[in-house]
Amino acid sequence: MNRQLKFFEAIREATDQAMERDPAVYIVGLGVPDPKGIFGTTLGLQEKYGTTRVQDMPLSENAMTGVALGSALVGMRPIITHQRVDFALVAMEQMVNQAAKWHYMFGGKAKVPMVVRMIIGRGWGQGPQHSQSLQAWFAHIPGLKVVMPTTAHDAKGLLAAAIEDNNPVVFIEHRWLHNISDEVPEEYYTVPLGSARVMREGNDVTIVGTSYMALEAVRAAERLRADDVSAEVIDLRTIRPWDVETVLGSVRKTGRLVVTDTASAAFGVSAEIVATVLECEFASMKTAPVRIALPDHPCPTSPALSNHYYPRADHIVRGVQRMMGIEPTTDMPAMTPHQKLDVPDPSFKGPF
Amino acid sequence: MNRQLKFFEAIREATDQAMERDPAVYIVGLGVPDPKGIFGTTLGLQEKYGTTRVQDMPLSENAMTGVALGSALVGMRPIITHQRVDFALVAMEQMVNQAAKWHYMFGGKAKVPMVVRMIIGRGWGQGPQHSQSLQAWFAHIPGLKVVMPTTAHDAKGLLAAAIEDNNPVVFIEHRWLHNISDEVPEEYYTVPLGSARVMREGNDVTIVGTSYMALEAVRAAERLRADDVSAEVIDLRTIRPWDVETVLGSVRKTGRLVVTDTASAAFGVSAEIVATVLECEFASMKTAPVRIALPDHPCPTSPALSNHYYPRADHIVRGVQRMMGIEPTTDMPAMTPHQKLDVPDPSFKGPF
Amino acid sequence: MPQLFDSQLHFKLYKEMLRIRIVENSIAEHYGEQEMRCPVHLSIGQEAAEAGACAALERRDYVLSGHRSHGHYLAKGGNLKAMMAEIYGKATGCAGGKGGSMHLVDIDAGFLGAAPIVGSTIPIAAGVAFASQMRDEDRVVMVFLGDGATETGVFYESVNFAALKNLPIVFLVENNFYSVYSPMDVRQKGDHRIIDIARAHGVEAHQADGNDLDLVYQISSKAVNKARAGGGPSLLEFITYRWREHCGHGYDNDIGYRTEAEFLSWKERDPVAAYERKLIARGLATQHEMDLMANELKQEAEEAIAYAKQGPWPELDTLSSQVYAN
Amino acid sequence: MPQLFDSQLHFKLYKEMLRIRIVENSIAEHYGEQEMRCPVHLSIGQEAAEAGACAALERRDYVLSGHRSHGHYLAKGGNLKAMMAEIYGKATGCAGGKGGSMHLVDIDAGFLGAAPIVGSTIPIAAGVAFASQMRDEDRVVMVFLGDGATETGVFYESVNFAALKNLPIVFLVENNFYSVYSPMDVRQKGDHRIIDIARAHGVEAHQADGNDLDLVYQISSKAVNKARAGGGPSLLEFITYRWREHCGHGYDNDIGYRTEAEFLSWKERDPVAAYERKLIARGLATQHEMDLMANELKQEAEEAIAYAKQGPWPELDTLSSQVYAN
Ligand SMILES: Cc1ncc(C[n+]2csc(CCOP(=O)(O)OP(=O)(O)O)c2C)c(N)n1
Ligand SMILES: Cc1ncc(C[n+]2csc(CCOP(=O)(O)OP(=O)(O)O)c2C)c(N)n1
Ligand SMILES: [Mg+2]
Ligand SMILES: [Mg+2]
């Protein structure tokens, strides 16, 4: 069929189809039914499903997370949305002490099928409080699942799977992916949680990426062909549980590992991937592993600074070159604020 | 002088001396002036410093964290206490979006000298919501510092240093350390944040431990002598910033790394230590690294289960033996609930 | 709702209240054996509020609670043996030993769960009520909380949401004057009344003597009936007193946060003794009948403890199971 | 507090209000150039509440704010050039470019900081007031928040704490009916009034027309004086209206969350025009004087923009500095 859909449309379609299939599914969040519809992902749903199944809410993220949880206990399947990961920080108690633990701590008597959508802001001066990437926090908590789709296809299938799942699933969307298109089947389908996607096969180095950084990894792999390096790119897709087997299998083949993540390297998801691979495949490794992720400080607002805050394909290329003892073929492009690196592509205009 | 002091007394002494030296220091927290005095750590302070500098508070941890922050902005030096890490989950927004970022995001114009004391519960059925160990969360956040003392000596010196520090410092106390004694000088002193302590020197393997697990590591090192293994034990003491140089130096010598932490291994502090060491010292490593930390599920309440939840010296010994290809000399003691492994020593009685 | 001046009802209310007293006393007696290896928060002294409020509910209604939940669990019809076994950490416990005293659950009885992070189950209860409303079910939710819990932000957020949506929920506050050892005056302004705050949100609210079993039952019944009829949420604040230490089985009037005299004045207002006097005065029960019942209940409690003690420990393979639901 | 019916005061108030209008208009005019590369939340339409409230403060007093803070920063005496440079992301900005529009600060002027996580600066402000009280200083703290922020748990927790401690703080609510595009009726029950909730906590509270500059000033002055005299906290709710889109520089009455008619009815209640009519009617200023002032202010705003544009970018080494204070 070759139907192209944008990532945000794929999210909407998955929600729509899930709501159609199961009357227990409902969606609640600040601005869900508003004219912007969470970056377009919820547009039209209230018209179709009414004001009970598609709801706005008070500015009370912690209580509303509890409300979603409570409704899930008795059979509803809530989706709760946060326009920034940062806003969800007020809801950590409900997410971590409660949602993650009710199944275990009641000996299996309770279950909490809920999806918590969170968006990672980036660019256009989102700054220190609108751009955090806290997947490592959620991944550290047994009882939660954590999903970070990269492609529109996976966004649809993973969201459908998250909604079908009988556990609390944190579904993290990177703002710079919302307008990226790819082929998305019209019919309902799921992509199983916990399986990675090999985006590109290769033999010399394994690059594991999360979310938007998986795209930068693909770009890096293309550039590395000039150095005769064949890079395998793995989009992790699910952070918890993550697809250990696919990653280990790749590393057994390549003997080299680069991990690139949208969050800080320090105590982040990339550390866990590196640690697990080195514990399990030390003998296969030809070189030290490399992490390409955010530096260890908050995100500044000025484009002159934030443009240098985010790693890009170049950094990945450099990492691989260093690891393989290759003299850099390309100079890292000097960056100036005039390059407008704080927007993903010309279709994206500030302020949001 | 050889004065012996318990860890909880050392905490109290550091607080007392800091309050005496600096009128800007005050302490607030649920139960701070009550008859139990936060496991004895605040006993007598209100009598000495009055009801303004030693305060109880409403059951409002999020706002009170903001209150501490606000007072710090204008020159106070608050200490806020939480009797469990788990309770502090309601305060993540203030800790992470605010306290950690005000210095950076205002271009250095603001500073937030505050200490947030949190206690990790363990044993006597603390269960899923009273025993979490979330140092990895705080360590992932630039702008915070994270301290986990193991000895009474360090508890005093690190708390004094944390209070002197001009940044938000998360100070995590393990409940099973409160009654452990060692030599503690009477006079005021600080132990610099960011420096590890080599608790035992050795040549064959480096065991890095945090908090209570550093003690288990010392026990393991003693047992390993029977296998002719000389283990170096490093008590990390500060988790952020951590003492990379001391750890790398040790690994350069031993070529082997075990990391043991009080939290889940998955996406935890132990992953960061392993990842950094492998990135920096891949060539020095003789074997794959090993993590000995909590399994990837919540803490159960029944002693029959929780006794098997927590790793102990045996697990560390086993890890080293496996790593070095040594046949186990000792059998892992079979555990039954009757062993009362849910209490640290006979002086410790439930329920708290 | 059964008729109030029906002698059977009186006896039923009395029995529910007495049962909590007797079970809690049994726990207190055995706790020193150090076989119940988890924190327990006894509600001796507060039984009238717990029994009276739950008696207003139907079995299909739901209850959620916090750290001090034994009484709510029992009053809602939770299985006693499963509760004891849970406190003893046994496989036969209501949560398979994973929860302990602070995490009781009995889905069949409509006791959806208790959790000890103060304030946390309040929005969860609102969510259950929200689901009930969305599905047009005929169920009411009651959530128990203490005076301390009314200081948590999530409590206010939940009250606002319940008012906004007109949810079928009753916020049931047992005000026992203390949050652990912290008295009111370090936590709330002198003239602060939680019912005023609820009313300001447009939530009907009443404050009453929580040691008066009939009164608690009457007020709770009205609130429950109103909620069931689509009349929306209520907040009920019952004034009462915890006799034993905050956590554990002993007394702690000697440690300094409250006086022995205060405790004794509340002991004189013992809800159980008061109701016994009332039943006798009104000729609704004889001392003999009440003694018989007490004996029966004591036996039931001791049987539950014996059941708990002899129950098997959870299998080791349950340690890492039930992390995720299928 | 200067005398209210002093013509200089009227003119000062007017100037502060007009200054906000003109600066915000200048930002709106230039925003389309896409050189201010950060979200901006303009407060055009709400200037009377902002100027009138801040005029009640002394310079040594403190203000904190949220995402929509330009007006508060200016009214408290924050440096205009440093604000513009901050919005342009320049090294000369008040936060060295690290903060942007949502993180203004001017310590010297007593504008301690703004942060856009809704509700978050409320307890921080309470903490500043707490410090002021602990040190027996003669300072008052004013924290600005919106109607949406009154739904956050931390707001209630802060009000409770302020009441408990009798803190020298004024909670200043600008109620503009919307939280982004969400109207009141999806967030709060119909008869819900935030002043009732504050009063239930024992906090004096008043609701008034936020577009009436003199009234705002009068009410705010009383609250500030009361706080300074040790009389404790107040909550003031000023009803007003945001003209422009929630975030950004355009108008958004067409997208469907509010009507053009509603907007126009509020535009008729323009606080600036109303005050100009009043000044003229009372003979306190002439049109000519006001025009002169507007021109001056416009020039000042454009100079600030020019200053911001030509300022240097932050040095790259500041990217990773200032993470920790020494
Ligand atoms: C968020 C949180 N903070 C602190 C605690 C510790 N704690 C346990 S019970 C309790 C007191 C609660 O008081 P109240 O709500 O009045 O209930 P009561 O114990 O009087 O029944 C506290 C502070 C907790 N469990 N959760
Ligand atoms: C905790 C949190 N949730 C959501 C948001 C997104 N957000 C930014 S401004 C805003 C609306 C705030 O409304 P109000 O307090 O009335 O202020 P106004 O914008 O009307 O001035 C929201 C929801 C946020 N910044 N923080
Ligand atoms: Mg209480
Ligand atoms: Mg508003």
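Every chain is numbered from 1 and lettered A, B, ... according to where its sequence line falls, protein lines coming before strand lines.
Proximity to chain C is limited to the side chain of A/N97, based on heavy atoms less than 4.5 angstrom apart. For chain A, no part of C/A91 is nearby; none of its heavy atoms comes within less than 4.5 Å. Contact of A/E164 with chain C is not made at all, since no heavy-atom distance falls under 4.5 Å. Residue contact with chain A, scored on non-hydrogen atoms closer than 4.5 Å, is absent for C/S132. Both the backbone and the side chain of C/Y324 come within contact range of chain A, with heavy atoms under 4.5 Å apart.
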* Mind running side-chain hydrogen bond (donor to acceptor under 3.5 Å, both in side chains) on A/K109 and C/Q322 for me, showing each step along the way? => CA-CA 9 Å; A/K109 299 260 168 76; C/Q322 298 164 330; over 6 Å; no
* Asked: Yes or no on side chain to side chain contact (heavy atoms under 4.5 Å, CB included) for C/R135 and A/M76, after CA distance, side-chain angles and deciding distance?
  -> CA-CA 9 Å; C/R135 289 188 305 214; A/M76 302 299 289; 3.8 Å; yes
* To do: Carefully, step by step, assess C/I124 and A/V67 under the rule side chain to side chain contact (heavy atoms under 4.5 Å, CB included).
  => CA-CA 5 Å; C/I124 297 173; A/V67 164; over 6 Å; no
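Residue with the most contacts toward chain C among A/L144, A/L59, A/D165: A/L144 (heavy-atom pairs, distance under 4.5 Å). When each of C/G113, C/S158, C/A126, C/G99 is checked for heavy-atom pairs under 4.5 Å with chain A, C/G113 comes out on top. When each of A/V74, A/V90, A/L73 is checked for heavy-atom pairs under 4.5 Å with chain C, A/V74 comes out on top. Among the candidates A/P23, A/G66, A/P58, the residue making the largest number of heavy-atom pairs closer than 4.5 Å to chain C is A/G66. If you tally non-hydrogen atom pairs under 4.5 Å between each of C/C94, C/P123, C/G97, C/A131 and chain A, the highest count goes to C/P123.
In this structure, CD1 in C/I107 is found 8.0 Å from CZ in A/F106, a value given to the nearest 0.5 Å. With rounding to the nearest 0.5 angstrom, the CG atom of A/L69 is 9.5 Å from the OG atom of C/S120. Note: C/N326 CG to A/H103 NE2 = 7.0 Å, rounded to the nearest 0.5 Å. We find the OG1-CD distance between A/T52 and C/Q133 to be 8.0 Å, quoted to the nearest 0.5 Å. Within the model, atoms NE2 of C/H103 and NZ of A/K101 stand 9.5 Å from one another, a figure rounded to the nearest 0.5 Å. With values rounded to the nearest 0.5 angstrom, C/F161 atom CZ is found 9.0 Å from A/M57 atom CE.
Residue-level contacts of residues 60-89 of chain C with chain A, in order of numbering, are C/Y62, C/L64; threshold 4.5 Å between heavy atoms.
Of all the heavy atoms in A/A63 and C/E157, the pair that sits closest is N-OE1, 2.9 Å.
When the shell of 6.0 Å around CD of C/E137 is examined, it contains more than 12 heavy atoms from other residues, nucleotides or ligands. Remark: A/K111 NZ is loosely packed, at most 12 non-hydrogen atoms of other residues, nucleotides or ligands lying under 6.0 Å away.
Judged purely by atom type and a 3.5 angstrom limit, A/Q98 has no side-chain atom pairing as donor or acceptor with the backbone of C/T121. Here the side chain of A/Y104 pairs a donor or acceptor atom with the backbone of C/L319 at under 3.5 angstrom. Under the 3.5 Å distance criterion, the side-chain polar atoms of A/N167 are matched with a main-chain donor or acceptor of C/A325.
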